[in-house]
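Below: one structure, written as structure tokens.
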Amino acid sequence: MSVRALKRKYGVGYETVQRALASSLPEPRKKMRPRETRLDPYKPVIDAILTADLTAPRKQRHTVKRIYDRLLDEHDAVDISYQMVRGYVADRRQEIRLQAGKGVVDAFVPQTHKPGAEAEVDFGDVTVKLAGELVTCYLFAFRLSYSGKAVHRIFASAGQEAFFEGHVHALNVLGGVPTGKVRYDNLRAAVAQVLGLSRRRVEAERWTAFRSHYGLEAFYCQPGIRGAHEKGGVEGQIGWFRRNRLVPVPEVDTLAELNAMIDRWDQEDDARRIRSRPRTIGEYFAADQSLLVPLPEEPFETGRLSTPRVDRYSQICVRMNRYSVPVRLIGRTVRVMLHASELVVYDGREEVARHERLIARGATRLELDHYLEALVRKPGAPPGATALDQARAAGRFTPIHDAWWQAAVKAHGEREGTRALIEVLLLSRHLPHEHLITGLASALKTGALTADAVALEARKAADADAEPEDLPQPVVPGQPGFAPLPAAVRAHLPPDRRPPPSVAHYDQLLRLRRPDPTTL
């Protein structure tokens, strides 16, 4: 076809036909010239200010507000707005830094990790509904860089005790210690001081001892957000775990229950693939585990030891919280081993108390059993005792206790009835809680409002629950089949108002008896 025929067929001009014959691809569209704005006359001034800022002290550089004020004061730029200056400076500041050779390109270099060599550690805060109350806890994560195998643990705090216990749990699960570096933030549990802009750190004394015990080689990232990418694997792992395992917010009674669920989730995670990897985490971890350094034979004591003095309220103060101990220790100095989730109190080598660690500061945790010897001498104190209120809230002092207490007070008076309750509570040191509740219910039903009667009924319940091999041997003929109650117990038992037994119903058998013919 001729050029004229093409023009007529497609309705285009001569130049368009020539360009189409020269190349099958259309020419790139011409860029429109930037539209002029009221800010154009002042752009060289702004560029000069930003260029001068390159050599100015870091804390005395121009902000957008200061640049705008100078344009108003020095150049009478009343026809521009603050938003116009802000938009221009946001783009132009980084361009000027790059042109001067001082800008840093925000790029990341892919890394290759060797099996069993490197790991990353971090804490992340999570929200848990613990015993019906929303609290903030802390998720510890230890992640192997090669396989992506991660071990998690939730603690009430992110202190040094939790930091150590998380390591011990993770290394025991993994079965060894990485041969290379383990990357950390500059958290206080490990770092006492950051020395300038270098990688050198002054480590916490106990952390140095812990690292030496397990042979860990620590690598500390840059402070702040700048160093987050240096351990991006564990940062992303905590986010993934929070979104996929802790949504919706878990509701548990104790952190031990939640950690048991987390252990199961970590095992299930071995079958997961990370992004487009050809094999699962568990398959990669098999190569990791074979190269880990074996664990030391002796364990490391992760708890922190302190020696507080017991005050006159039979309490000790640990980390701005107060815990009860038996009243016999008032005025004495005890040893306390503080762990991440609990604390244990020792008097010499004897363990005298064990408490779940409090999360908030200024709180108090009291055990009613610690005050029973004092309450025997002060029967007027139990109604307003803080330990009794906490026992009710924890479910240790049940409504059956209250009902039996009220019945005992009504029968014996306020003083003696309360003392009888204290004697019943003392039985909990020797009898299981559920058997004691059964004994209280049985004694309340029969009106036996003494501690001895409750003990008798509780032991009956314990015998009924015992295994067949634990049951008492049968009574041998010729020996008494029961042990008589002491006279003091029989004196407090309620009177027996049942009618005496009668054999009158058996008289009808005598009337049906046939006469003996030999006696006729």
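Using a 4.5 Å cut-off on side-chain heavy atoms (C-beta onward), L368 and L375 make contact. Put simply, the side chain of R332 reaches to within 4.5 Å of the side chain of D347, judged on heavy atoms. Side-chain contact check for H412 versus L449: some heavy-atom pair is nearer than 4.5 Å. Side chains of L456 and D452 form no contact here, defined as non-hydrogen atoms less than 4.5 Å apart. Side-chain atoms of L436 and V454, non-hydrogen and from C-beta on, do get closer than 4.5 Å to each other. Annotation: side chain of L425 is in contact with side chain of F397 (closest heavy-atom distance under 4.5 Å). Annotation: side chain of L358 is in contact with side chain of Y323 (closest heavy-atom distance under 4.5 Å). Side-chain contact between I316 and V325 is present, with at least one heavy-atom pair separated by less than 4.5 Å.
Of the charged side-chain nitrogens involved, at least one lies within less than 4.0 Å of a carboxylate oxygen, so that R392 and D389 count as a salt-bridged pair. A salt bridge between E165 and R357 is absent, with no side-chain N of the basic residue lying under 4.0 Å from a carboxylate O of the acidic one. Using a 4.0 Å cut-off between charged side-chain N and carboxylate O, E342 and R354 make a salt bridge. A salt bridge does not link K114 to E118: none of the charged side-chain nitrogens sits closer than 4.0 Å to a carboxylate oxygen. In summary, E367 and R429 do not engage in a salt bridge, as defined by a charged side-chain N under 4.0 Å from a carboxylate O. Salt-bridge check for K445 with E457: failed, with every basic side-chain N at 4.0 Å or more from each acidic carboxylate O.
Side-chain contact annotation: T398 with H401, donor-acceptor N/O pair under 3.5 Å present. In the model, R365 has no side-chain atom that pairs as donor or acceptor with a side-chain atom of N321 under 3.5 Å.
Between Y220 and Y184, the angle of the ring planes lies from 30° to 60°, which puts this pair in the tilted group. Using bins of under 30°, 30° to 60° and over 60° for the plane-to-plane angle, the ring pair W207/F163 lands in the tilted bin.
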Derivation and outcome, salt bridge (Lys or Arg N to Asp or Glu O under 4.0 Å), residues R328 and E350
CA-CA 14 Å; R328 60 182 173 83; E350 177 188 3; 3.7 Å; yes
So E235 and K231, salt bridge (Lys or Arg N to Asp or Glu O under 4.0 Å) or not? Walk me through it.
CA-CA 7 Å; E235 296 274 359; K231 54 178 184 58; 2.5 Å; yes
Can you check side-chain contact (heavy atoms from CB on, under 4.5 Å) on V121 and R183, steps first, answer last?
CA-CA 6 Å; V121 173; R183 299 176 182 269; over 6 Å; no
Check step by step if side-chain contact (heavy atoms from CB on, under 4.5 Å) holds for F140 and H169.
CA-CA 10 Å; F140 174 89; H169 172 72; over 6 Å; no
Report the C-alpha distance between L130 and V252 in whole Å, list the side-chain angles of each, state the deciding distance to 0.1 Å, and finish with yes or no for side-chain contact (heavy atoms from CB on, under 4.5 Å).
CA-CA 5 Å; L130 186 62; V252 293; 4.0 Å; yes
When you look at W240 and R272, which way does the side-chain contact (heavy atoms from CB on, under 4.5 Å) test go after all the steps?
CA-CA 12 Å; W240 183 92; R272 181 171 65 92; 3.5 Å; yes
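Under a 3.5 Å cut-off, the side chain of Q289 and the backbone N or O of L174 do form a donor-acceptor pair. Within the 3.5 Å criterion, the main-chain N or O of G348 finds a donor-acceptor partner in the side chain of R335. Looking at S428, its side chain never comes within 3.5 Å of a backbone N or O of V424 through a donor-acceptor pair. Not one N or O on the side chain of E203 forms a donor-acceptor pair closer than 3.5 Å with the backbone of T208. Distance alone, capped at 3.5 Å, places no donor-acceptor pair between the D185 side chain and the L187 backbone. Although no hydrogens or angles enter the test, the distance criterion places no donor-acceptor pair under 3.5 Å between the side chain of R86 and the main chain of Y82. With hydrogens and angles ignored, the 3.5 Å screen pairs no side-chain donor or acceptor of D125 with any backbone N or O of T136. In terms of modelled atom types and a separation under 3.5 Å, the side chain of N172 and the main chain of V168 share a donor-acceptor contact. E416 contributes no side-chain N or O that, together with a main-chain N or O of G413, makes up a donor-acceptor pair within less than 3.5 Å. Within the 3.5 Å criterion, the main-chain N or O of S147 finds a donor-acceptor partner in the side chain of D288.
Atom CG of D311 is separated from atom OG of S324 by 10.5 Å, given to the nearest 0.5 angstrom. With values rounded to the nearest 0.5 angstrom, W405 atom CH2 is found 5.5 Å from L388 atom CG. With values rounded to the nearest 0.5 angstrom, L134 atom CG is found 8.5 Å from E251 atom CD. One finds the CZ atom of F285 at 6.5 Å from the CG atom of L292 (value rounded to the nearest 0.5 Å). For the atom pair CD1 of I154 and CG of L258, the computed distance is 4.0 Å after rounding to the nearest 0.5 Å.
Taking the ring axis of Y284 as reference, the NZ or CZ atom of R277 stays within 45° of it and closer than 6.0 Å to the ring centre.
When the shell of 6.0 Å around CZ of R264 is examined, it contains more than 12 heavy atoms from other residues, nucleotides or ligands. Atom CZ of R92 has more than 12 neighbouring heavy atoms from other residues, nucleotides or ligands inside a 6.0 Å radius. Within a 6.0 Å radius of CD in Q83, other residues, nucleotides and ligands contribute more than 12 heavy atoms. Residue E268 places its CD atom among more than 12 non-hydrogen atoms of other residues, nucleotides or ligands, all under 6.0 Å distant.
Pairs passing the salt bridge (charged side-chain N to carboxylate O under 4.0 Å, His left out) check and including a residue from residues 140-159, sequence neighbours excluded, read K149-D270, R153-D263.
When each of R304, R206, H339 is tested with E161 by the rule side chain to side chain donor-acceptor pair (under 3.5 Å), just one qualifies, namely R304.
Taking the six-membered ring for Trp and the full ring otherwise, the centers of H167 and H213 sit at least 6.0 Å from each other.
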